[in-house]
Number of protein chains: 2
Amino acid sequence: MQIAISTAGLHPAMPAMTEPHATLRGEARAMGSARSYGKDEEVYGEGDKASWYFKVVSGVVRTCKILSDGRRQIDAFHVAGDIFGIERGETYRCSAEAVGEATVIAYRRCSLEVLAASDSVLARQVVATTLLSLERAQDHMILLGRKSAAEKVATFLLAMAERVHEDAIELPMSRSDIADYLGLTIETVSRTLTQLERDAVIALPMARRTIVLRNKSALRRLNA
Amino acid sequence: MQIAISTAGLHPAMPAMTEPHATLRGEARAMGSARSYGKDEEVYGEGDKASWYFKVVSGVVRTCKILSDGRRQIDAFHVAGDIFGIERGETYRCSAEAVGEATVIAYRRCSLEVLAASDSVLARQVVATTLLSLERAQDHMILLGRKSAAEKVATFLLAMAERVHEDAIELPMSRSDIADYLGLTIETVSRTLTQLERDAVIALPMARRTIVLRNKSALRRLNA
DNA sequence: CGCTACTTTGATCATACTCAAGCCGAGTGG
DNA sequence: CCACTCGGCTTGAGTATGATCAAAGTAGCG
């Protein structure tokens with residue numbers, strides 16, 4: 001049995017710096033190498049041999065699955081400090097792409113396995129990293145399965161705001177990414193945001209990638 | 001940082017016996033104790049102190065999250081051999097209940113942490129168990145976010161059949177459990193099954209907990 | 001038997017999707 | 001500097017999928 005990588009990483013819910021996997025001991029020794037990607041560039045594809053795992057340095061990386069007819073579900077957005085690409089099997093089960101410009105450090109999977117065997121602190125960090133991904137996946141499942149469009153968007157906005165500790169959010173991703181993350185269409189995302197603006201819950205400046213939260217308690221009420 | 005327990009365990013997708021966590025080394029030493037539960041009895045509740053983790057011996061256990069207004073999402077059904085209840089934090093983030101009569105072995109969480117620190121094989125099994133739960137959660141997210149009712153039911157039936165290696169499935173869970181697992185209502189589950197029967201894809205004997213798969217390739221086509 | 005819980009079926013409704021058009025800002029080139 | 005295009009976003013109209021509300025079967029079990 002192998003230890004490898006494909007964490008369904010982050011919700012935008014927690015400040016990345018406090019994440020337990022912010023630094024995995026042994027990474028320096030493991031000789032990680034930096035890589036940069038442009039917007040929508042692929043870090044790896046579903047089915048590729050999972051020889052590396054990654055830590056985000058800057059920018060945002062999305063991991064997603066695609067159905068045969070093109071329908072897409074984004075598992076997670078990974079921000080600075082997040083680890084992604086740890087797999088149990090030989091291949092990646094999600095694809096990973098840069099949302100905008102992004103830099104990551106790549107670590108050889110084999111070095112993780114070797115090190116973890118001799119370094120119990122590292123091993124437990126790998127467990128914690130994976131468990132964190134699992135927690136986020138669990139939260140995301142109830143969102144996808146049981147929340148309304150308005151509730152999904154509210155949850156998303158609150159999580160994004162929590163990440164940056166501010167009420168003005170600079171969204172790194174497009175409406176299309178948001179839709180595929182929340183299990184909606186771009187039209188529904190757009191209409192829901194417009195409705196929230198009408199209700200004075202948020203403000204949508206001309207630069208549509210910015211969203212200002214005006215009434216957080218209203219959002220929390222929607223958060224269910 | 002702690003290593004603990006709340007795996008979003010199993011899909012019905014794999015034969016339990018081949019799971020990497022079927023036996024975690026050190027469990028015997030860890031002095032697990034057997035516990036039995038009746039239908040719908042709670043193994044633990046969301047928010048309880050996560051002092052134990054569990055392995056299913058017989059029966060089925062569901063883990064789920066509930067929204068404030070009662071909407072429920074079932075994360076996973078756990079069958080014989082599956083581990084559940086491993087948490088990163090101090091408390092359980094899902095509740096766990098027996099679907100029918102079920103027996104589990106409870107292990108103290110602290111013994112897992114102590115043992116894993118000294119036993120790298122056990123540590124890596126914990127990682128693999130958690131990664132498996134994560135894989136299942138990822139598959140479930142695309143189902144919840146992007147599949148139609150018919151596709152959800154087809155995926156579910158194929159996964160259940162795969163688990164028992166037979167085309168006649170004895171469902172351990174009610175329509176209500178299926179609905180809350182698939183993000184549907186019981187009416188939609190029922191109607192979808194009826195429609196599949198009309199299309200001669202499945203048969204629904206009088207005992208409604210049994211379902212016979214008549215046309216697996218039709219189901220696979222729906223599986224998307 | 002007759003209750004109870006579970007499931008199915010029916011009718012109606014609402015949420016979110018689809019298809020289509022229009023808007024706006026950023027970039028490009030005349 | 002303006003006209004054009006292109007991509008991303010918004011808006012509108014109509015629809016469909018699945019939810020809701022309500023009732024009737026059916027099985028299991030005392």
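In what follows, chains carry the letters A, B, and so on, assigned in the order in which the sequence lines appear, proteins first and then strands, with residues in each chain numbered from 1.
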TODO: Using modelled atom types only, decide if a donor and an acceptor are shared between the side chain of B:Glu151 and the backbone of B:Ser148 within a distance under 3.5 Å.
DONE: yes
Rounded distance (Å) that lies between atom [atom2] of [N] and atom [atom1] of [X]:
X: B:Lys147; N: C:dA16; atom1: NZ; atom2: C1'; result: 20 Å
X: A:Leu196; N: D:dT10; atom1: CG; atom2: P; result: 12 Å
X: B:Leu143; N: D:dG18; atom1: CG; atom2: C1'; result: 15 Å
X: B:Asp177; N: C:dA5; atom1: CG; atom2: C1'; result: 14 Å
X: A:Leu204; N: C:dC24; atom1: CG; atom2: P; result: 14 Å
X: B:Ile186; N: D:dA23; atom1: CD1; atom2: C1'; result: 13 Å
X: A:Leu171; N: D:dG8; atom1: CG; atom2: P; result: 15 Å
X: A:Leu193; N: D:dC9; atom1: CG; atom2: C1'; result: 10 Å

Between [options], which nucleotide has the shortest distance from any of its atoms to the side chain of [X]?
X: A:Arg175; options: C:dT7, D:dC9, D:dA19; result: D:dC9
X: A:Thr194; options: D:dT10, D:dG18, C:dT9; result: D:dT10
X: B:Ser190; options: D:dT10, C:dT7, D:dA22; result: C:dT7
X: A:Met206; options: C:dG10, C:dT18, C:dC24; result: C:dC24

So, OP1 or OP2 of [N]: does either fall under 4.0 Å of a side-chain N or O from [X]?
X: B:Arg208; N: D:dG25; value: no
X: B:Arg191; N: D:dA19; value: no
X: B:Thr188; N: D:dG18; value: no
X: B:Thr185; N: D:dA19; value: yes

- [ ] Validate the cation-pi geometry between A:Arg108 and A:Trp52: distance from NZ or CZ to the six-membered ring centre under 6.0 Å, angle to the ring axis within 45°.
- [x]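 Yes, a cation-pi geometry holds between A:Arg108 and A:Trp52.
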Task: Plane angle bin for A:Tyr92 and A:Phe54 - parallel if under 30°, tilted between 30 and 60°, otherwise perpendicular - done: tilted
Open item on the list: Reading DNA chain C from 5' onward, which residue's closest nucleotide shows up sooner: B:Glu187 or B:Asp40?
Closed with: B:Asp40
Task: A:Arg35, CZ atom: more than 12 neighbouring heavy atoms under 6.0 Å - done: yes
TODO: Between A:Val189 and B:Leu184, just flag the one whose closest nucleotide in DNA chain D comes earlier from the 5' side.
DONE: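 By nearest-heavy-atom nucleotide position, the 5'-most residue is A:Val189.
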TODO: Report the C-alpha separation of B:Arg62 and B:Asp177 in whole Å, then their side-chain angles, then the decisive distance to 0.1 Å, and conclude whether the salt bridge (Lys or Arg N to Asp or Glu O under 4.0 Å) test is met.
DONE: CA-CA 9 Å; B:Arg62 61 175 177 255; B:Asp177 284 335; 3.2 Å; yes
